[in-house]
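All residue numbers in this chain count up from 1 along the given sequence. When a ligand or atom number is given, it counts from 1 through the structure's own listing order. All values below were derived from every heavy atom in this structure, side-chain atoms included, with hydrogens, water molecules and symmetry-related copies excluded. As the structure is a computational prediction, the values presented were derived from the model and not from experiment.
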Amino acid sequence: MVRTRFAPSPTGYLHIGGARTALFSWAYARRHGGQFILRIEDTDVARSTPEAVQAILDGMAWLDLQHDEGPYYQMQRMDRYKEVIQQMLAAGTAYYCYTSREELDALRAEQEARKEKPRYDGRWRPAPGKVLPAPPAGVEPVVRFCNPTDGVVGWDDLVKGRIEIANAELDDFIIARADGTPTYNFCVVVDDWDMGITQVIRGDDHVNNTPRQINVLKALGAQVPQYAHLSMILGDDGTKLSKRHGAVSVMQYDEDGFLPEAVINYLARLGWSHGDDEIFSREQFVQWFDLDHITPSAAQFNTEKLLWLNQHYMKQAGAAALVPQIAARLQRRGVDTGKGPDLAQAIGLYLDRCNTLNLLADALEVFYVDIHPAPELLAQHLSEEARPALADFAAGLEQVAWEVPAIAALIKETVTRHGLKMPKLAMPLRVILTGQAQTPSVDAVVALVGRDTALARLAPHRS
Ligand code: GLU
């Protein structure tokens with residue numbers, strides 16, 4: 001049974017890198033009919049906040065990455081970690097260490113002077129025949145793990161291939177602090193063990209933790225999971241993705257007018273591929289997803305591609321399905337979509353031209369509020385010779401059948417009668433009716449605006 005997990009630390013929003021890790025872990029579990037577990041790693045109490053927990057849950061819900069178990073919270077599992085520490089002390093795979101901060105500093109200074117890598121020297125580590133000093137009075141000890149001293153620890157990383165490190169390179173790391181609280185690397189091990197995790201899929205910033213975690217798992221007699229370390233994501237400019245690149249929080253994409261389907265499809269291709277396929281559904285992704293086609297090199301963010309996908313998914317959703325989204329976005333700006341043209345029709349007319357929901361809302365706002373076209377824009381597009389044609393057209397609008405072909409015929413007839421080229425009338429019409437010089441086909445825009453509003457907006461230009 002495949003069991004994967006996503007184990008974010010709630011110290012900020014759910015960012016794009018975390019969301020991709022979550023997506024891959026989720027998809028792997030779904031692909032194999034397994035289970036996906038959500039675990040909140042909140043032991044860094046100084047940096048963890050309830051708001052960040054909520055932001056993670058919101059982000060996961062928005063992306064519709066549902067977990068089968070959890071969320072587990074590490075802070076609620078302290079007793080269990082302490083229990084395992086006691087078991088390890090009893091089994092001799094961990095030991096109390098009374099070395100003071102001053103002693104550690106002195107040790108480090110000596111090692112640096114000898115140009116050695118600073119590391120704990122195992123002075124409190126029990127060994128056959130070794131006589132340990134008496135524990136100093138009044139010192140609360142930390143607990144250290146008895147890391148194997150020889151051989152190598154390695155694993156076949158499902159993304160990066162074989163990784164090995166000599167045990168001699170690893171020192172006996174602290175698994176419980178002097179106040180008894182377990183350390184991060186230790187909690188992860190106990191959790192992955194207790195939760196029966198079979199594949200650990202996570203960011204490659206954790207590669208250095210893996211050998212230590214494997215050694216502890218082995219000391220516990222636990223099954224070691226497989227590991228897949230995902231390479232980092234670079235921004236559009238090739239540097240590590242960070243706040244500087246703008247929207248790195250998943251929920252910011254919602255704010256900015258992206259559909260979750262587009263973000264999922266985009267993230268799926270960020271470091272993973274299935275031939276040349278760029279557009280695929282969530283179901284298709286789950287069927288195709290594997291860890292063999294994850295690239296070990298860094299993936300680069302490409303905003304243009306995300307926009308392209310977003311437009312695809314907006315069109316695929318269709319005008320009617322986008323109505324609630326656009327209505328909500330306009331309402332948040334205080335725009336009442338109850339007054340004005342049918343929103344689905346308006347969306348349908350502009351859908352091809354906008355690649356985010358926000359741009360669509362921007363374009364459609366003019367149909368639901370009073371507009372005041374910029375005088376310069378009007379001056380630029382309304383020539384003296386066009387004025388009588390405009391007045392004529394307005395008169396014609398009073399009785400024309402309100403449908404696109406009839407309005408198109410009226411426009412044509414008017415320009416012919418006045419000996420004008422089409423744009424001479426079409427351009428000022430666009431500006432007067434929408435405040436914008438770029439619109440879809442002018443006859444369709446007139447039709448959308450509606451007779452009353454069109455006449456009201458044209459009224460000041462009829463004399
Ligand atoms: N809590 C860790 C993080 O947010 C992830 C740990 C793991 O996946 O093992 O980076």
Side-chain angles (χ1 to χ4, degrees), residues 2-29 34-60 63 65 67 69-78 81 153 155 157-160 163 173 175 181-217 220 222-233 240-243 248-250 267 271 291 294 298:
V2 164
R3 287 172 62 87
T4 62
R5 78 330 188 256
F6 176 50
S9 303
T11 54
Y13 43 68
L14 177 61
H15 56 82
I16 279 294
R20 182 189 59 164
T21 302
L23 174 65
F24 286 9
S25 301
W26 172 87
Y28 192 80
Q35 261 149 4
F36 174 60
I37 292 144
L38 179 60
R39 177 168 90 216
I40 306 290
E41 301 202 323
D42 55 355
T43 56
D44 184 348
V45 280
R47 292 176 61 227
S48 300
T49 65
E51 292 75 24
V53 172
Q54 196 53 51
I56 290 164
L57 298 177
D58 290 348
M60 296 290 283
L63 293 170
L65 298 178
H67 49 271
E69 263 180 44
Y72 293 108
Y73 292 86
Q74 286 188 325
M75 284 307 282
Q76 292 171 10
R77 291 179 40 78
M78 284 296 148
Y81 306 136
V153 49
W155 73 98
D157 195 276
L158 298 171
V159 173
K160 295 182 182 288
I163 300 180
F173 77 105
I175 60 175
T181 57
T183 56
Y184 167 75
N185 262 322
F186 183 73
C187 298
V188 170
V189 165
V190 176
D191 286 350
D192 285 341
W193 179 34
D194 282 356
M195 294 170 197
I197 302 303
T198 51
Q199 281 79 21
V200 170
I201 300 170
R202 62 184 172 196
D204 68 1
D205 46 333
H206 290 284
V207 164
N208 288 338
N209 292 328
T210 307
R212 295 182 191 284
Q213 294 181 1
I214 290 176
N215 280 339
V216 178
L217 283 163
L220 289 168
Q223 176 86 30
V224 177
Q226 290 184 300
Y227 292 90
H229 287 96
L230 309 175
S231 299
M232 65 167 142
I233 301 174
K240 190 171 189 285
L241 193 65
S242 74
K243 277 189 194 161
V248 286
S249 151
V250 165
L267 289 177
L291 297 169
I294 293 181

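Nearest heavy-atom pair, V188 versus R5, reported as atom, atom and distance to 0.1 Å: CG1-NH2, 3.9 Å.
Of the N and O atoms on the side chains of D191 and Y81, at least one donor lies less than 3.5 Å from an acceptor on the other residue.
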May I have a table of the N/O to N/O pairs between ligand 1 and the protein that fall below 3.5 Å, each row giving the two atom names and the distance to 0.1 Å?
residue	atom	partner	partner atom	Å
ligand 1	1 (N)	A7	O	2.7
ligand 1	1 (N)	S9	OG	2.8
ligand 1	1 (N)	E41	OE1	2.5
ligand 1	4 (O)	S9	N	3.2
ligand 1	4 (O)	S9	OG	3.2
ligand 1	8 (O)	R5	NH1	2.6
ligand 1	9 (O)	R5	NH1	3.4
ligand 1	9 (O)	R5	NH2	2.8
ligand 1	9 (O)	R202	NH1	2.8
ligand 1	10 (O)	H206	NE2	2.9

Taking only distance into account, with no hydrogens and no angle test, what donor-acceptor pairs under 3.5 Å do side-chain atoms of residues 194-204 form with protein atoms, sequence neighbours excluded?
residue	atom	partner	partner atom	Å
D194	OD1	R80	NH2	3.0
D194	OD2	R77	NH2	2.9
D194	OD2	R80	NE	2.7
T198	OG1	R3	N	2.7
T198	OG1	R3	O	3.2
Q199	NE2	Q226	OE1	2.8
R202	NE	H229	NE2	3.2
R202	NH1	Q213	OE1	3.1
R202	NH2	T210	OG1	2.9
R202	NH2	Q213	OE1	3.1
D204	OD2	K160	NZ	3.0

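Atom-to-atom distance recorded for I175:CD1 and T181:OG1 is 12.0 Å, nearest 0.5 angstrom.
Partners of Y28 by ring-ring contact (aromatic ring centres under 6.0 Å, His included), not counting sequence neighbours, listed by chain and number: H32. Take Q223 and apply the side-chain contact (heavy atoms from CB on, under 4.5 Å) test, not counting sequence neighbours, and it matches no residue.
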